Structure formats: C-alpha cells, structure tokens
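Have a look at the structure below, then the notes.
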Amino acid sequence: MFYNNNLLVNEVVMSDFTRHARTHTCGQLRAADEGKEVTLVGWVHRRRDHGGLVFVDLRDRFGVTQVVLNPQIDAAAHELAHALRAEFILQARGKVSHRPAGTVNEKLDTGEIEVYADHAQIISQSKTPPFVIEEGETPSEAVKLKYRYLEMRRGPLARALEMRHRVCMAARRYLDALGFLEVETPMLTKSTPEGARDFLAPSRLSPGKFFALPQSPQLFKQLLMVGGMDRYFQIVKCFRDEDLRADRQPEFTQIDMEMSFVDEEEVRRVCEGLIGEMFMAARAIKLDTPFPLISYADAMNRFGVDRPDLRFGMELAGVSALAAQCEFKVFKDALAGGGAVRGMAVPGGAAFSRKDLEDITNEAIQLGAKGLAWIKVTGEGYQSPIAKFFQTATLDGIREALGAGAGDLMVFVADSVKAGYAVLGALRLSLGHRLGLIDGAKLNFVWVVDFPLLEYDEEEKRYVALHHPFTSPKLEDIALFDTDPGKMRARAYDLVLNGSEIGGGSIRIHQREVQDMMFRALSIGPDEAREKFGFLLEAFEFGAPPHGGIAFGLDRICAILTGAESIRDVIAFPKTQKGACLLTDAPSEVAPRQLKELGLKRDLS
RNA sequence: GGGGUCGUAGUUCAGUUGGUUAGAACGCCGGCCUGUCACGCCGGAGGUCGCGAGUUCGAGUCUCGUCGGCCCCGCCA
C-alpha cells in the first residue's frame, strides 16, 4: 500500500462506483464560462496549501485549471485537499468564477478563471513520481524510458505525439484526395536476402520455418500495383535488425506509397504536395516547391555525402591536379596509389589553436582518415607545417579552388576517393555545427537523383543494389548490364531535408526480363530468384503496369518538425541504443514450453 | 565488432592532489499559513558513490574487468 493517508481508502473504493465524468477538460474554461457549474477531472499538477485555503492546479493533456478549495464553500472538499499529493487524480465540481482583481495568471490559458469546488473526490492515488512532472527539468534518458507514461504527462512528448498525429492526418487527407487507397500488408511475411538483417518469427504450424517481419512493404505494394489498385499508401511499421542511431530504431514508421503509370517527375510532384500538407498541418509553414534537384555525383563531390545539408557552405573541392605539383610525400603517395586529394575551407579557421587543430585531426582519424593536412591562410601568407612542400603559386591555386580567404583554414584528406568523401563530409558537418554556421530555423529540401544502380561490394565480390533490387535502371543505361554495370544509373530519388534522408524511392522494374537481368547483375541465380521472389516474377507475367513509389521516414520528419535531436522523442515507446525496452524489459527470456512448441533450442555458445 | 562519453540521495548535479562525518538544488515527510500559481516560513528523513576485483595505511577519486544510458564508425535506406 502506498497511500499517504489511510483515511482515503473509503474514498477510493467508493469512487469505483461513481461516474468519473467531466463536463470540461482542464484546458477549456475561459472568462466567458463564468457562472457555469462544471466538473473537472485531472491530475494534481501542483498543490499550494495555505492552510485555510488550498489551490490545486488540475492538469490533463489539454491544459491546467486552478481549483480553489475553500472551507467556506465546502468543508469536506477543503479537508480532502490536505491529503492530495502530486499526480493524484481529482474530480472537482464547482462554479467557474472570474479570479479576483490582481490574481489573474497570464501564463495559463485558463488563467482568468478558477473553479470553487463544492464537491471533490479522489479518483486515483499516486505514489510519489520518480521525477517531477514539469516542463523545465528533463530526467535522464533511461529514467524517461522506464517511466514513459510519466514522461508523457510532462508535456514535450505529449505535444510531439499530438503533432505526429496531425502530420499523419494531413497525409491521409491529402493522399485520399488524390485517390490513394490505404491498404494493409502482412507483418508476418517472407525473409528476403538483400538489404538489412531480418527480425524472424518462428512458425509453430510449420516447425523449423520462419516468418520475417517486413523491412518495408516493398514487394506487396508492387503486387498491389499489379493488382490494379493504382495508387496505394500505408502508414506502416517496418523492422530492421541493425544497430541503432539517434535517427534509427529497429522498428520505425514509414509513409509508404506506390503509384501506377507515373514517372519520376510525377512522383516528386505528389510528394512535394504531401510534404507541404504535413508541414502546414504541423507548423503552419508554407514550403517553396518544387524542391531543387542535385545529382548523386554532385552531392558527393561538393558535400561528401549523398544526403547533403545545404543550410551552409563549406563545400568540398578536389585538388588532386594541384597537389600533384607539390613535394609533400603523403599527397604524392595517395595520388600514386590511385587516390585523390580533397579539401575544404573552414571559415575563420586560421584562428584555431594547436589544440583545436589536434582535435580536428583526431576526429578525422576517428572517421577513418590516416591524417589531416592543414594550411592556415593569413594576411601574411600561408602558415602550415607542410607549406614548404608547395610553391606559392600552387597554394594560390588551391586556395582559389577551395574558395578560402584570409583568416580561413584549409584542410585536406589524401586517401581513396571514397574515404576522402566520408571523412570530409562528416568533418564538414561537425565543424558546421561547432562553428555555428547552421541556421536551425532553415528548412532545406533537396531531391538527390541519378544514383548509381549498383555498387561493387568488395567483401562479397559482387554488385549489390544501392537502393534495392526492384529499382529500374535508366532506360538509356540498360545496355550497360552486359558491359559496365557499375556505370548504370537508377531511376531513384531521395528526399533530403537539412542533411537527413527523409524519404527515398524509385520507378520500379515492371518487366520480367529486366528484373531477370537485374538479378543476374546481382549474382542472384535463377533458382534463388525463383525461390525468393518467384511470386513477384510470376506477377510480372500477368500485365504489370509501370509503377513507382517512395517511402518517407515519418519518425525523422516528426523529429525535424519538433526540433528533436533523436527520433526517440517522437515515438511513444522507443527502444534504447541496445534495442531494449526499459519499460517492459523486452526482449526477455521465454518459457521452455514456448520454445519446445516452436521446435527451437537455445545455443548461446 | 570498434572509438568516445557518462553512471554519486527519488531527480538533476557538485565533490580539489587519493585523506576526518560525501554536499547543493528540487522532490519527499512533519508543522504553520485565506489569494497562491516554481507560494512562503520552520523542522526532518533520505547514500550498496552502477557492480566486481586490484593498487594503497587509506579509493566516490587511481588501474583492470563488467553492466547500463547516450553519441559516432562499421552495419543499415
């Protein structure tokens, strides 16, 4: 028993037989309601006990209303008030009154009025909560996750979930108006070889066999197109058993879409409208559309990543040709080994201390670089341990290529092309943040297009699909299947917002022959293709419409809309970085009987 | 699999060069208080310093291991 006061037991039992009704929510009453007899129910947000007079802030999702418990109005209610504690649920009936002059609380929407309780009862008691339910103070992540239901009462999470709901409703309204049908697809489905690791669900009725939870409804939405549904969408959970990040949870939500008889342009227009509706619903922001396009190659060359953050400059530049003229061994060796020298200008970086430079270098090394070369551009000239290996004319050329001016720092990575992108791309982001170059209020959308179709996987010694195996190559590139698959471009598009990939999709392959060629390019043999995707290949033999689609990361979009650092903050019950649920303690062991029924044996060796 | 960072009261955090009895704020408990709204005032309780081992005369502090939260690389659209 956790009652603070035994005298309340009767109240509690009695209250189970009364109607826990309310006439208004705690955020509803205004001066215009003065004189009304109302009943409120809510959590005791705060109690200010003056002895003879008690004020209670009653809180629900909709707001806070001050209830006054005055012995002259109702002695029993006033007596009860002394027993109230934080997070008790209180039902109070009474008259709405304008507050006395000078006591209006401007900070509350309901601050002009208060309710004089003529009857009050405790509906539910509460242990002292592990943290104070208040806007300002934030408990640590672990505490928030364990007591998620209390965190929800604190405000920010409730508002995030509310916004998420509005975003979803806007999406549904918009897509419905455009003739999309929301169709559900199976959660227990077939494991697919490409892509992320699957979550598996053992089948009791087929011992030894497994369902997989969908990484996305990809194949089903294509089958819906073959089925003539024409325009499909679904707000749907997807599952990928990979390591977590701030923007990655093992189960996450997509706004998944697919359309028949469309090209890239039409998909983008529909998406721009959709995103526009969601931003309007969430933040009353009108977006500039259409969003600009950038090619994958451009994004990589200028920003080092395929999801460029365009809110600030600091673009990368290749300086291999100029670097070839220097005597610096590191650069020469990298170039001789087929690598490249890339660099960027850091605004104001000439003022960096030795320690600053050391930190940046360590960061680059942590990101996979062998080292980081730097040259300060000062009013007097170039200042750097490696400047002596360069002729001044060469340095001038490099400075010009990077767009560096006096007071800036030039940094360089000499490595393989890929490693150079990775290091400088990440360094650009981190320096951009640290130097305050990023305007947090900006919303910078860009479509990344012209992705390569395939990427050579050194480990597996074969090509893998950059997007997925059902992405159509550009028609003019199809001949390259036989000659140079690595050069093929995909009919794919990613939508990037502020350096975060919020959606990606493609025009799909709808011809059996092309799909066969694709599998061949991926070294998926005919037998394996038939076993894994036979149903799709067969469907393509029955009049498959050309189609394409996209999936948006709802969690990421909501995180950006609320300014959250992590998608955890827009998910009601998220998991920790180790993929655990601190609230339910999942995953957990199961009874031996359950394993036996499924024909499973544990082997943790 | 790897790198970084954090773990001290219910919560958020401080704790010096290894040294006596580990502190603060909020919260909690008791008392007083009829216009507060982060109410105020008086008093009080509350600690396995994540866990384990080691170094030391002595460990919250140093070392190793381990568990957990967070960020990142790998992985993943």
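The figures here come from the full heavy-atom set of this structure, side chains too, leaving out hydrogens, waters and symmetry mates. Nothing here was measured: the structure is a model prediction, and the numbers come from that model. A note on names: the letters A, B, ... follow the listed sequences, proteins ahead of strands, and every chain is numbered from 1.
- As judged by a 4.0 angstrom heavy-atom cut-off over every strand, A:Gly111 is placed among residues making no nucleic acid contact.
- Under the Watson-Crick and G-U wobble criteria, each requiring two contacts below 3.5 Å, nucleotide B:C62 is paired to B:G54.
- Across all strands, A:Arg240 comes closer than 4.0 Å only to sugar-phosphate atoms, never to a base (heavy-atom distances).
- Partner of A:Glu87 under the salt bridge (charged side-chain N to carboxylate O under 4.0 Å, His left out) criterion, chosen from A:Arg47, A:Arg59, A:Lys127: A:Arg59.
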Close N or O pairs between protein and nucleotides 42-45 of chain B (under 3.5 Å):
none

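- Residue A:Asp49 is in base contact, counting any heavy-atom pair closer than 4.0 Å across all strands shown.
- Rounded to whole Å, the distance from CG on A:Asp247 to P on B:C70 is 14 Å.
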Between A:Tyr456 and A:Glu458, does a side-chain hydrogen bond (donor to acceptor under 3.5 Å, both in side chains) hold up when you go through it step by step? CA-CA 6 Å; A:Tyr456 194 72; A:Glu458 294 293 345; 5.7 Å; no
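- A cation-pi arrangement is absent between A:Arg46 and A:Phe55, since the terminal nitrogen or guanidinium carbon is not both under 6.0 Å from the aromatic centre and inside a 45° cone about the axis.
- You cannot call A:Phe131 stacked on the base of B:U11; the centres under 5.5 Å and planes under 30° rule is not satisfied.
- Note on A:Pro71: a base of the nucleic acid sits closer than 4.0 angstrom, heavy atoms only.
- Judged as a side chain to side chain contact (heavy atoms under 4.5 Å, CB included), and not counting sequence neighbours, the contacts of A:Arg462 are A:Glu194, A:Glu460, A:Val464, A:Leu522, A:Ser523.
- Counting non-hydrogen atoms under 4.0 angstrom, A:Tyr116 reaches a base of the nucleic acid.
- In the interface, the side chain of A:Asp306 is paired with the base of B:A77 through a donor and an acceptor atom under 3.5 Å apart.
- A:Glu363 places a side-chain heavy atom less than 4.5 Å from the side chain of A:Leu427.
- Put simply, the side chain of A:Arg85 and the base of B:G27 share no donor and acceptor less than 3.5 Å apart.
- Atom pair A:Arg153:CZ and B:U11:P shows a separation of 17 Å (rounding to whole Å applied).
- With rounding to whole Å, A:Arg46 atom CZ is found 11 Å from B:G27 atom C1'.
- A:Ser216 comes within 4.0 angstrom of no nucleic acid atom, judged by non-hydrogen atoms across all strands.
- Among the atoms of the strands shown, base atoms are found under 4.0 Å from some heavy atom of A:Gln72.
- Looking at heavy-atom distances under 4.0 Å, A:His468 makes no contact with the nucleic acid at all.
- At least one donor-acceptor pair under 3.5 Å links the side chain of A:Gln215 to the backbone N or O of A:Ala196.
- Using a 4.0 Å heavy-atom cutoff across all strands shown, A:Pro100 reaches at least one base atom of the nucleic acid.
- A donor N or O paired with an acceptor N or O is not found under 3.5 Å between the base of B:C33 and the side-chain atoms of A:Arg48.
- B:A14 and B:G60 have their C1' atoms separated by 12 Å, with the value rounded to a whole Å.
- Residue A:Glu141 is classed as a sugar-phosphate contact, given heavy-atom separations below 4.0 Å to backbone atoms only.
- A donor N or O paired with an acceptor N or O is found under 3.5 Å between the base of B:G35 and the side-chain atoms of A:Glu114.
- Rounded to whole Å, atom C1' of B:G69 lies 16 Å from atom CZ of A:Arg245.
- On the P atoms, B:U61 is 13 Å away from B:U8, given to the nearest whole Å.
- One N or O donor and one acceptor, one from the side chain of A:Arg99 and one from the base of B:C37, sit under 3.5 Å apart.
- We find that CG of A:Asp359 is positioned 15 Å from C1' of B:G3, with the value rounded to whole Å.
- At a threshold of 4.0 angstrom between heavy atoms, the contacts of A:Thr576 are confined to the sugar-phosphate backbone, with no base atom among them.
- Here A:Arg568 lies in heavy-atom contact (under 4.0 Å) with sugar-phosphate atoms only.
- To the nearest 0.5 angstrom, A:Phe303 atom CZ is 9.0 Å from A:Asp309 atom CG.
- The shortest distance between side-chain heavy atoms of A:Tyr296 and A:Pro452 falls below 4.5 Å.
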